[in-house]
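Here the structure is a predicted model, which means the values were calculated and not measured.
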Number of protein chains: 2
Amino acid sequence: MEQDVGVDLAAVARLLADGTRAAFCLALLDGRAWTAVELARHAGVAPSTATSHLNLLVAGGLLAEERHGRHRYLRLADRRVVELIESLAALAPQQPPRPRSLAASGRQRALARARLCYDHLAGSVALAVTDAMVERGLLAWGPQPALTGEGAAWLAELGITLPGGSRRPPVRACLDWTERRPHLAGAAGAALCTHALTAGWLTRVGTTRALTVTTTGRRALRDHLGLIVPA
Amino acid sequence: MEQDVGVDLAAVARLLADGTRAAFCLALLDGRAWTAVELARHAGVAPSTATSHLNLLVAGGLLAEERHGRHRYLRLADRRVVELIESLAALAPQQPPRPRSLAASGRQRALARARLCYDHLAGSVALAVTDAMVERGLLAWGPQPALTGEGAAWLAELGITLPGGSRRPPVRACLDWTERRPHLAGAAGAALCTHALTAGWLTRVGTTRALTVTTTGRRALRDHLGLIVPA
DNA sequence: GCGTTCCTTCGACGCCCGTCGAAGCGTCCG
DNA sequence: CGGACGCTTCGACGGGCGTCGAAGGAACGC
């Protein structure tokens, strides 16, 4: 009788009817792309378990994936998925007094602005730094991104030395999932990020990957890159 | 690890993750109140099975019940539930609405069938209206349905203003159970329906949800949408 | 009253599915 | 090259849940 229905809501609902898969989708509501292990750790399940869940979610059209190297990046496929999750949250029990919009929270704004992406900087601040370095001739940003001579001197001036003997490319383009634009990664990006943290330009927000730019950091960015970062 | 989530989407999603319960909700999407046995017969399950499902749905807040004598009437609890079902249907593996040609809409038989679905119009007339609005560029009907600029102007021309400050989306796709195709819902659908009733385009048939298109309404649909509705 | 209808409770059956660890493969780094 | 890491496949285990029929209570019509 019911195979004739034509639209099987149940198939879609079943994808979100599991606590682990729901945790994945809630985490992905921040708009970023997460790797499979990040999601697994966040939900507290084994990587193999995460794999099977992610396969289901991708096959069901709720998540979109992109493979980069050994990483599997996942994000919500569509705005319709966001609306579905919000519709579910609206009916979930014990929802907070104020039906907060899941899309806009202060934490997310902080994340969009500056955050750690593995070992380098991401977010709008990272994009601004990358743009400024290109503009000042420190970075050659093309199909084959590389550090210019001025760029190497600029790093040395800051006391940053790239580890030698590594096969890791000094400069790589990393795609920012919030801004959908590439920014500085690679050995130089990592070294710059490390320096920014040790020099107190940036501080981590709690245990998250969000970062804030300190007063020292704002002054340094202005002095070394001519970059004005609003407080 | 996942206890900090706060909202358990999974609990809500699980309610719709079963084919029988989903069939119940799809049937109830017509806005009427069904009895338990009607739903059981419709879904092809035993009455005892239906009882347990209905208990879950009522306890979960998706359905509201009303007992009259030996009958148990059930309806969707809330507009949020309608929106949740619509969100699920929007992601279900069903082909999106290919707008029919104006001529095909005009040729369609039994076009006069119209009824209320909550606060908006349903039935073949609603489908024809939706198709005509898409065809005339008033409605953008994609994965993310929305009113176009022309559509907003068209509504204003009719004297229809959408309530501001509401979190309700202006345009949503509502699945018509009998036609199995989505049609215009959301704030715009409700406002248009209200206007059609107050302007005398449509009249209710007795106390039911059925509607008839008046002569005034036929003229209005022809003038404003180029839609020919046979008497 | 009596039969019919609507709904419920209960117990039992069966299977779907979420979980893990072990093993393996490809990628990246030193 | 060799180690580390991210991800996948596979098999096995266990529990949750959807299903039914039988039996019974409650309401309605005759």
Side-chain angles (χ1 to χ4, degrees), chain A residues 1-3 8 10-11 13-25 33-60 63 65-74 117-120 161-172 174 185-191, chain B residues 1-2 8-11 13-25 33-60 63 65-74:
Chain A
M1 183 76 178
E2 61 170 278
Q3 64 280 14
D8 49 349
R14 204 176 298 121
L15 292 174
L16 289 168
D18 175 75
T20 301
R21 287 195 294 267
F24 287 177
C25 291
W34 293 48
T35 69
V37 274
E38 283 174 337
L39 289 170
R41 263 198 303 269
H42 180 263
V45 294
S48 57
T49 305
T51 291
S52 63
H53 285 311
L54 294 173
N55 288 340
L56 290 175
L57 289 170
V58 170
L63 299 189
E65 69 176 359
E66 196 153 331
R67 312 239 177 183
H68 278 196
R70 56 180 168 178
H71 295 285
R72 182 189 193 182
Y73 291 98
L74 297 136
C117 176
Y118 292 86
D119 57 358
H120 62 271
T161 55
L162 298 187
S166 168
R167 203 179 302 170
R168 184 178 190 188
V171 176
R172 287 186 67 129
C174 177
Chain B
M1 194 65 174
E2 59 175 274
D8 48 348
L9 298 191
R14 203 176 300 121
L15 292 173
L16 290 168
D18 174 75
T20 301
R21 288 194 294 267
F24 287 177
C25 291
W34 295 48
T35 68
V37 273
E38 283 175 338
L39 289 170
R41 264 197 302 269
H42 180 263
V45 295
S48 58
T49 305
T51 292
S52 63
H53 285 311
L54 293 173
N55 288 340
L56 290 174
L57 288 170
V58 169
L63 299 189
E65 68 177 358
E66 205 161 324
R67 310 239 177 184
H68 279 102
R70 55 181 169 179
H71 294 284
R72 184 189 191 181
Y73 291 99
L74 297 137

Exercise. Does B/Ser48 make a side-chain donor-acceptor contact with the base of D/dG21, cut-off 3.5 Å?
Worked result: yes
Problem set entry | Spacing of B/Tyr73 atom OH relative to C/dC6 atom P, expressed in whole Å | 10 Å
For this session: Could you tell me whether the side chain of A/Glu65 reaches within less than 4.5 Å of the side chain of A/Leu54, counting heavy atoms only?
Result: no
Exercise. Does A/Arg72 or B/Arg21 map to a spot on DNA chain D nearer the 5' end, using the closest nucleotide for each?
Worked result: A/Arg72
Problem set entry | Spatial distance of atom CZ (B/Arg14) from atom CG (B/Leu9) [nearest 0.5 Å] | 11.0 Å
Seminar exercise, completed: Closest to the side chain of B/Val37, out of C/dC6, C/dT19, D/dC7, is C/dC6
Exercise. Phosphate oxygens OP1/OP2 of C/dC17: is one of them under 4.0 Å from a side-chain N or O of A/His53?
Worked result: no
For nucleotides 26-30 of chain D, list the nitrogen or oxygen atoms of the protein found under 3.5 Å from its nitrogen or oxygen atoms, one pair per line.
from, atom 1, to, atom 2, distance (Å)
D/dA27, N3, B/Arg70, NH1, 3.4

Problem set entry | Rounded interatomic separation in angstrom, taking CG from B/Asp18 and C1' from D/dT19 | 10 Å
Problem set entry | Non-hydrogen atoms of A/Leu16 and A/Cys25 that approach each other most closely | CD2-SG, 3.6 Å
For this session: Would you indicate whether the side-chain heavy atoms of A/Leu56 and A/Arg21 approach each other to under 4.5 Å?
Result: yes
Exercise. Between A/Leu74, A/Asp18, A/Leu39, A/Leu63, which is the residue that forms a side-chain contact (heavy atoms from CB on, under 4.5 Å) with A/Leu57?
Worked result: A/Leu63
Problem set entry | Short side-chain N/O contact from B/Thr20 to OP1 or OP2 of D/dT19, under 4.0 Å | yes
Exercise. Could you give the CG-to-C1' distance, from B/Leu74 to C/dC7, as a whole number of Å?
Worked result: 11 Å
For this session: Round to a whole Å and report the spacing from CG of B/Asn55 to P of C/dC6.
Result: 18 Å
For this session: Let me know the distance between CG of B/Leu15 and C1' of D/dG16, rounded to the nearest Å.
Result: 15 Å
Exercise. C/dT8 phosphate, OP1 or OP2: any side-chain N/O from B/Arg67 under 4.0 angstrom?
Worked result: yes
Problem set entry | Interatomic distance where CZ belongs to A/Arg14 and P belongs to D/dG16 [whole Å] | 19 Å
For this session: Could you tell me the separation between the CG atom of A/Leu54 and the C1' atom of D/dT9, rounded to a whole number of Å?
Result: 15 Å
Problem set entry | For atom CZ of B/Arg41 and atom P of C/dT5, their distance in whole Å | 10 Å
For this session: Give a yes/no answer on whether the side chain of B/Thr49 brings an N or O atom under 4.0 Å of OP1 or OP2 in D/dT19.
Result: no
Exercise. Is the distance from OP1 or OP2 of C/dT8 to the nearest side-chain N or O of B/Thr51 less than 4.0 Å?
Worked result: yes
Problem set entry | Spacing of OG1 belonging to B/Thr35 relative to CZ belonging to B/Arg41, to within rounding of 0.5 Å | 7.0 Å
Seminar exercise, completed: Heavy-atom closest pair (A/Ala40 atom, A/Phe24 atom, distance to 0.1 Å) is N-CE2, 4.2 Å
